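What follows is a short report on a single structure.
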Amino acid sequence: MALLEVRGLCAGYGAVPALDDVSFHVERGEIVALLGGNGAGKTTVARSVSGLHRASSGTVLFDGRDITRCGPQRIVQSGLSHVSDGRRVFPSLTVEENLDLGAYLDGRRKNVVAERREGVYRTFPRLAERRTQHAGSLSGGEQQMLVIGRGLMSEPSLLVLDEPSAGLAPTSIAALGESIAAIRAGGTAVVLIEQHLQVALQLADRLVVLQEGHVILGGRTAEVAADPRIGQMYFGDR
Ligand code: ATP
């Protein structure tokens with residue numbers, strides 16, 4: 001049984017359709033990258049899966065359970081954590097305080113929160129160095145580590161990352177890629193929305209390619225990457 005199974009998902013904004021019959025799956029512990037141009041529907045897929053956007057039809061199964069109509073809080077509690085784009089930290093709170101907010105659903109037990117925080121620091125040693133600093137003083141790359149770290153504080157079995165590398169310098173993107181690989185090595189599956197094709201090709205086990213709300217390609221990374229439509233999408237005609 002797949003960890004995440006999306007079947008025939010349709011969603012839109014008012015009368016404007018954004019997704020039409022989107023299906024894909026994610027196995028335990030694997031990285032699946034969602035690719036596609038601007039407006040292809042990647043963010044809408046991520047938000048629909050996480051309960052932040054209501055699908056008009058279709059089914060989302062997580063760990064064998066139908067979560068299509070569940071709210072975001074229930075979905076986080078069932079082990080699916082969503083890190084939205086835009087890198088929203090609480091700038092006047094410290095790194096540590098920002099992280100702890102990611103565990104608020106388990107906030108009753110301080111020792112559990114502290115243990116999870118140490119786990120995040122092992123994945124992102126830079127955050128440990130900056131633990132007492134205000135989040136607003138961090139670099140863009142560090143803020144991205146912080147929002148991902150906050151997403152890990154609920155100990156998800158699936159992490160959905162919406163464009164984590166957007167706007168980062170190449171060295172920060174490389175560091176981020178290593179961290180995402182480390183997260184997967186720790187057993188957490190990842191759905192990665194990624195504009196940088198090279199990053200997706202390096203990290204993902206499988207690719208799902210969206211165009212105008214449809215899945216046009218899907219499969220093992222090497223197979224999909226060899227499809228000429230990928231080249232056209234990212235590099236123009238070749
Ligand atoms: P990008 O890379 O630009 O974020 P995307 O692949 O994530 O694109 P979505 O943001 O999911 O695509 O958008 C899919 C479609 O839904 C687009 O046609 C977009 O214009 C439309 N859309 C997205 N958000 C809204 C909204 N809040 N209201 C109306 N239409 C929206």
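Treat the numbers as computed from the prediction; the structure is a model and nothing was measured. Residue numbers count from 1 along this sequence. Both counts, for ligands and for their atoms, begin at 1 and track the order of listing. The basis for the numbers below is simple: all heavy atoms, side chains too, and nothing from hydrogens, waters or symmetry mates.
- Side chains of H196 and E194: a donor on one and an acceptor on the other come within 3.5 Å.
- For atom 19 (C) of ligand 1, the nearest protein heavy atom lies 4.0 Å away or farther.
- The nearest heavy-atom contact from the protein to atom 12 (O) of ligand 1 is G41 N, 3.1 Å.
- Every atom of ligand 1 is numbered from 1 in the order shown, and the set under 4.0 Å from a heavy atom of A40 is 5 (P), 6 (O), 12 (O).
- For atom 11 (O) of ligand 1, the choice among N38, V45, T44 with the nearest heavy atom turns out to be T44.
- The closest approach between any non-hydrogen atom of Q195 and ligand 1 is below 4.0 Å.
- With hydrogens left out, the protein atom closest to atom 2 (O) of ligand 1 is K42 NZ, 3.1 Å, a heavy atom.
- Ion pair E97/R117 not flagged as a salt bridge, since none of the NZ, NE, NH1 or NH2 atoms sits closer than 4.0 Å to an Asp/Glu carboxylate oxygen.
- Expressed to the nearest 0.5 Å, how far NE2 of H25 lies from CG of L3 amounts to 10.5 Å.
- Remark: D227 engages R229 in a salt bridge, criterion side-chain N to carboxylate O under 4.0 Å.
- Heavy-atom proximity to G37, at under 4.0 Å, picks out these atoms of ligand 1: 6 (O).
- Near A18, the atoms of ligand 1 lying under 4.0 angstrom from a non-hydrogen atom of the residue are 15 (C), 16 (O).
- In this structure, R130 pairs ionically with E142, as a charged nitrogen and a carboxylate oxygen lie closer than 4.0 Å.
- Using a non-hydrogen distance threshold of 4.0 Å, G14 does not register as a contact of ligand 1.
- Distances from atom 17 (C) of ligand 1 to the heavy atoms of P17, G39, A166 show the closest one on G39.
- Tested against D162, the residues V191, L34, T43, V83 include a single side chain to side chain contact (heavy atoms under 4.5 Å, CB included) partner, T43.
- Counting only heavy atoms, the protein gets under 4.0 Å from atom 8 (O) of ligand 1.
- Interatomic distance, CD1 of I148 versus CD of Q143, reported as 12.5 Å (0.5 Å rounding).
- The structure places CE of M145 at 5.5 Å from CZ of R126, a figure rounded to the nearest 0.5 Å.
- Taking 4.0 Å as the cut-off, E163 counts as a neighbour of ligand 1 on heavy-atom distance.
- At a 4.0 Å cut-off, not a single heavy atom of G36 sits close enough to ligand 1 to count as contact.
- Among all protein heavy atoms, the one lying closest to atom 31 (C) of ligand 1 is Y13 CD1, 3.3 Å.
- Using a 4.5 Å heavy-atom cutoff, the side chains of L192 and P164 are in contact.
- Nearest non-hydrogen protein atom to atom 10 (O) of ligand 1 is T43 CB, 3.7 Å.
- Salt-bridge check for D85 with R47: failed, with every basic side-chain N at 4.0 Å or more from each acidic carboxylate O.
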